[in-house]
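Just the heavy atoms: all of them, side chains too, but no hydrogens, waters or symmetry mates, feed the values below. Quick note on labels: first sequence line is chain A, next is B, and so on, each numbered from 1.
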There are 2 protein chains.
Amino acid sequence: MTPRTGPRELDRRSTVPLWSQLRDDLMLRLEGGEFPDRFPGEMELVEVYRVSRHTVREALRRMRQDGLIESSRGRSSVAHPGVISQQLGAMYSLYQELEARGIEQRSELIVADRRTDAEAAERLGLSARTKLVYLERLRLGDDEPIAWDRAWLEPKLAAPLLKLDFTHTGLYDEWQRSAGVRLNGGHERISAVVPTKDQRTLLKMKRDEAAMLVERTGRLGDRPVEFRITLVRGSRFSFSAEWESGRSYQVDVAGAS
Amino acid sequence: MTPRTGPRELDRRSTVPLWSQLRDDLMLRLEGGEFPDRFPGEMELVEVYRVSRHTVREALRRMRQDGLIESSRGRSSVAHPGVISQQLGAMYSLYQELEARGIEQRSELIVADRRTDAEAAERLGLSARTKLVYLERLRLGDDEPIAWDRAWLEPKLAAPLLKLDFTHTGLYDEWQRSAGVRLNGGHERISAVVPTKDQRTLLKMKRDEAAMLVERTGRLGDRPVEFRITLVRGSRFSFSAEWESGRSYQVDVAGAS
DNA sequence: GCCCCCCAAATGACCGGACAACCACCCGCC
DNA sequence: GGCGGGTGGTTGTCCGGTCATTTGGGGGGC
């Protein structure tokens, strides 16, 4: 029987750090479905890739940071199953949390076209006359409205999205699947507002219920590619954060109480 | 010339990792205003703390992740001021940000007494019949109302506070000065609400203006000692956060635009 | 068959070293 | 005064180790 994995070559003359090459290779293999049950151990990687343990640990450290794997003493590393659930901001965590609670999510598409928008274009660093991909949706959880979402996307990257069906999947999942786009940074601004009458009707809100307005810019590398305004029902959304000296402010999104 | 800083001791018998102790110490010194112009280099820290460069780098790595410092080849690390106070929670950063903008802050004391409160007592892990120290204040910035604040505090620790004057200083500053209490952890929950008529009057809010409700529990060690409900004018407060893969979600509080 | 103890294996926490790439600054030259 | 090149200092990238702590499972005793 041949060894399951022969030695693997990394390019030592490249300017790309070894740990980075190692990480890329591991991510590729992970996505390709290798390591279905067991992620290789550090010493194993040292032998296969012929690098020092420090280098392996540096690669694994980054992967851990991105939530791709999880490791702790005594146990070998565990590949994080399924989707890459890295830090994607508050909005993303909201939907994730709802899913974790077993709440069925879907969205109604209201508009999907190309149109110009001065403010959005400016946020994306494009000319005001550029036709942006525009998606307007109403998000529902267990058939109750949760949020009203409008997104303006970079037209070249988002073109494939106009033909898709978002009823049961998220924008980001589809975007990655159809165009390979995965955001890796951004900015969010969250404020409290009183919804207008129309908004209240759309979201089936009672009078005297407030809402959160989330303005969001998503970046791919250092280029903004998404501008998004989401109005979330106040009664179904709140920020929750833990802070501790010596640790960062860990935000968490809580659904309806 | 004597070295500016003598050697510093870390507890090698502790179960807390050296890099963690080092990080904590550096954060403390950073907060205390040391390193006003130059953050110490790696080799310098190696000598001062008598640890290996790996240990230093591990500590700095964590600080980098939390956005406390920034470093790159060739240049020495740069401290990112202000991030530390963000890690004390959103409310704290709000007041700090206002101060940084040169807005004069003061507060009007509405109530300062001892009273029972079932919910607050439960949050503090005390019997519902315990008489808690209660402070109710209206916070103003440039003589305009910003927030209405109610705080229930652990009676033994907060007793000295009842005699003090909070007009021009913050609760935490006074608490530390009079009783040596400095919170080092906690939890915040932020949601959007429509203020009642009374609240609107108190905060001089227009109709159709929403507010943020911040419920906060502050811990001293692992014991909750503060429960606080703050109502902040929506038009003068919003969350702003940067996120980036591999970095933590950095919240920042923006004042009125 | 069940439980407990012990041990192999894994990662975490440390230490030591060397070289490379890069930046800021000073100095000399024009 | 401005421009260019050297040079020292700093962080990034790698290598080599050792010991501690934790986990999970196998084996022995009952």
What is the ring orientation for B/Phe239 with A/Phe239, classed by angle as parallel under 30°, tilted 30 to 60°, or perpendicular over 60°? tilted

Atom pairs under 3.5 Å, N or O on each side, protein against nucleotides 7-11 of chain D: can you list them with distances?
residue, atom, partner, partner atom, Å
D/dT10, O2, B/Gly74, N, 3.2
D/dT11, OP2, B/Glu42, N, 2.9

Side chain of B/Gln21, backbone of B/Asp11: donor and acceptor closer than 3.5 Å? yes

Give one of base, sugar-phosphate or nothing for A/Arg12, where a contact means two heavy atoms less than 4.0 Å apart. sugar-phosphate

Residues in residues 13-26 of chain A with a heavy atom under 4.0 Å of DNA chain D, by number, are A/Pro17, A/Leu18, A/Trp19

Determine whether a donor-acceptor pair (N or O, by modelled atom type, separation under 3.5 Å) exists between the side chain of B/Gln105 and the backbone of B/Leu98. no

Donor-acceptor under 3.5 Å (A/Arg38 side chain, A/Phe35 main chain): no

Rounded interatomic separation in angstrom, taking NE2 from A/His54 and P from D/dG16: 9 Å

Chain B reaches DNA chain C, atoms under 4.0 Å from its heavy atoms, from C/dA13 to C/dA24

Using a 6.0 Å distance limit plus a 45 degree cone around the ring axis, check whether A/Arg123 lies over the aromatic ring of A/Trp152. no

Set of residues satisfying side-chain hydrogen bond (donor to acceptor under 3.5 Å, both in side chains) with respect to A/Arg223, sequence neighbours excluded: none

side-chain hydrogen bond (donor to acceptor under 3.5 Å, both in side chains) with A/Asp149: which residues, sequence neighbours excluded? A/Arg228, A/Thr230

Identify, with sequence neighbours excluded, every residue that meets ring pair (Phe, Tyr, Trp, His ring centres under 6.0 Å) alongside B/Trp175. none

Is A/Phe227 close to A/Glu122 at the side-chain level, that is, under 4.5 Å between some pair of heavy atoms? no

Salt bridge between A/Arg182 and A/Glu31, side-chain N to carboxylate O under 4.0 Å? no

